[in-house]
Amino acid sequence: MKKQTRPAKIAPGASARAGGAKRRGILISFEGSEGSGKSTQIAHLAEHLQKIGRKVVSTREPGGTEIGEQVRNIIVHNSKGDEMCAETELLLFAASRAQLVREIIAPNLIKGVVVLCDRYIDSSTVYQGVARNLSLDPVQQINQFAVGNVLPDLTIVLDVPTRVSLTRINQRASDLPDRMERENIDFYKKVRDGYLVLARSLPKRFFVVDGMLPEKEIRKLIWAEVKSRIGV
Ligand code: TYD
């Protein structure tokens, strides 16, 4: 059996940055509903950071590792997906995340890399906790079990109105909407509100950007925020 890789000593509660000498990297997560433009902004930020000489690793959830991508398939494209209960879904997302933290995120933070993650713990809080109505306590405990103290230094939420998000899902080039994308407007309203409530409750970690602004404007706002908060 492959030797187990563990993240460097993770004590509950502290952020990745607070990890001190052992964890010199920076973890930035991107959140928002489908079609909010996360992947475009991640690509721009990665380019910007590389230009100023930072090493960057971009990854995504669910997935980002071989095991995680297999888990992603079960969640998103399973033919029996409609029978999946919310608890199973929560645990599968957490399983993918646990692997990603140990295989990619923590080792890169130790090396001083900036890790950009397309979705992270807050997706579970919002999609499974708020939109699927699971009790928030177990969601938070499971998140904590999956990531330990590898918390984001900054979480950027791209906020778009629910109708815009649904229109963008339907316009995507790929053929049919996946299992998550087949949810109704009420589900996506809860997702949007869930992010905004979470961001208000954790203003030090969150930065909400209006996803309806011109793309270049969003890019500038994100760069200014990253510079001022993280000091790159
Ligand atoms: P993906 O195709 O990556 O969507 P997007 O491009 O919008 O990020 O699919 C991920 C889906 O999984 C998306 O609908 C959000 C959902 N999700 C959760 O419900 N909980 C989670 O913890 C995570 C990471 C994702």
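These numbers were taken from a predicted model, which means no experiment stands behind them.
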Inset, instruction - Let me see the working for S201 and L198 under side-chain contact (heavy atoms from CB on, under 4.5 Å), right down to the final yes or no. - result: CA-CA 5 Å; S201 71; L198 198 57; 4.3 Å; yes
Inset, instruction - Only counting residues at least two apart or in another chain, list the ones meeting side-chain contact (heavy atoms from CB on, under 4.5 Å) with N78. - result: I74, K80, M84
Inset, instruction - Looking only at non-hydrogen atoms, find the nearest pair between C117 and L100 and report the distance. - result: SG-CD2, 4.0 Å
Inset, instruction - Consider only side-chain N and O atoms of S123 and E61, and report whether a donor and an acceptor are under 3.5 Å apart. - result: no
Inset, instruction - To the nearest 0.5 Å, tell me how far I67 CD1 sits from Q99 CD. - result: 4.0 Å
Legend entry - Side-chain touch I218/Q41, heavy atoms, less than 4.5 angstrom: yes
Legend entry - Nearest heavy-atom neighbours spanning V160 and S165: CG2-CB, 3.8 Å
Inset, instruction - Take F30 and L45 through the side-chain contact (heavy atoms from CB on, under 4.5 Å) test and state the conclusion after the steps. - result: CA-CA 11 Å; F30 281 74; L45 181 57; 3.7 Å; yes
Inset, instruction - Mind checking the CD1-CG spacing from I26 to D153? Nearest 0.5 Å is all I need. - result: 6.5 Å
Inset, instruction - Identify the two heavy atoms, one from E31 and one from Y120, that lie closest to each other, and give their separation to 0.1 Å. - result: OE2-N, 2.8 Å
Inset, instruction - State plainly whether one hydrophobic cluster holds both V114 and I222, where clusters connect Ile, Leu, Val, Met, Phe, Trp and Tyr through side-chain heavy atoms under 4.5 angstrom apart. - result: yes
Inset, instruction - List in chain and number order the residues that pass side-chain contact (heavy atoms from CB on, under 4.5 Å) with N108, two or more places apart in sequence or in another chain; answer none if no residue qualifies. - result: V57, I104, K111, V113, V115
Legend entry - Nearest-0.5 Å distance, CG of residue L90 to CD of residue E87: 8.0 Å
Legend entry - Any I121 side-chain heavy atom under 4.5 Å of V147 side chain: yes
Legend entry - Partners passing side-chain hydrogen bond (donor to acceptor under 3.5 Å, both in side chains) against E183 (at least two apart in sequence or in another chain): R132
Legend entry - Gap between atom CD1 of I110 and atom CD1 of I105 - 0.5 Å precision: 12.0 Å
Legend entry - Interatomic spacing from CD in E225 to CD1 in I28 - rounded to 0.5 Å: 10.0 Å
Legend entry - Within one Ile-Leu-Val-Met-Phe-Trp-Tyr cluster: L91 and V126, side-chain cutoff 4.5 Å: no
Inset, instruction - Report yes or no: do V191 and I185 belong to one cluster of Ile/Leu/Val/Met/Phe/Trp/Tyr joined by side chain heavy-atom distances under 4.5 Å? - result: yes
Legend entry - hydrophobic_cluster_shared for V150 and V139, side chain cutoff 4.5 Å: no
Legend entry - Test salt bridge (charged side-chain N to carboxylate O under 4.0 Å, His left out) applied to K204 - qualifying residues, sequence neighbours left out: none
Inset, instruction - Could you tell me whether R182 atom CZ has more than 12 heavy atoms of other residues or ligands within 6.0 Å of it? - result: yes
Inset, instruction - Kindly state each residue pair satisfying ring-ring contact (aromatic ring centres under 6.0 Å, His included) with at least one member in residues 191-213, sequence neighbours excluded. - result: none
Legend entry - Partners meeting side-chain hydrogen bond (donor to acceptor under 3.5 Å, both in side chains) with R219 (sequence neighbours left out): H44, E215
Inset, instruction - Any side-chain hydrogen bond (donor to acceptor under 3.5 Å, both in side chains) involving residues 65-75? Give me the pairs, sequence neighbours left out, ordered by first then second residue. - result: R60-E69
Inset, instruction - Determine, stepwise, if the pair E34 / R168 fulfils side-chain contact (heavy atoms from CB on, under 4.5 Å). - result: CA-CA 8 Å; E34 280 78 350; R168 287 183 184 173; over 6 Å; no
Legend entry - Closest non-hydrogen atom pair between V208 and A199, with its separation: CG2-CB, 3.5 Å
Legend entry - Intermediate values then yes/no, side-chain contact (heavy atoms from CB on, under 4.5 Å), D159 and D210: CA-CA 5 Å; D159 178 53; D210 179 355; 5.6 Å; no
Legend entry - For Y188 against S33, the heavy-atom pair lying closest together: CD2-OG, 3.5 Å
Inset, instruction - Would you give the length of the straight line joining atom CD of Q50 to atom NZ of K55, rounded to the nearest 0.5 angstrom? - result: 11.0 Å
Inset, instruction - If a pair satisfies ring-ring contact (aromatic ring centres under 6.0 Å, His included) and one of its residues is in residues 48-85, list it, with sequence neighbours excluded. - result: H48-W223
Inset, instruction - For the residue pair K216 and P214, establish whether any side-chain heavy-atom pair is separated by less than 4.5 Å. - result: no
Inset, instruction - Using the test side-chain hydrogen bond (donor to acceptor under 3.5 Å, both in side chains), find all partners of S124 that sit at least two apart in sequence or belong to another chain. - result: R97
Inset, instruction - Can you see which heavy atom on A46 is nearest to which on S58, and at what distance? - result: CB-OG, 4.0 Å
Legend entry - Shared hydrophobic cluster, I142 / F93 (ILVMFWY, side-chain heavy atoms < 4.5 Å): no
Inset, instruction - Taking side-chain contact (heavy atoms from CB on, under 4.5 Å) as the test, write out the residues that go with A43, two or more places apart. - result: none
Inset, instruction - Would you please name every residue forming a side-chain contact (heavy atoms from CB on, under 4.5 Å) with V197, sequence neighbours left out? - result: R200
Legend entry - Sequence-distant partners of T155, side-chain hydrogen bond (donor to acceptor under 3.5 Å, both in side chains), two or more places apart: S29, R205
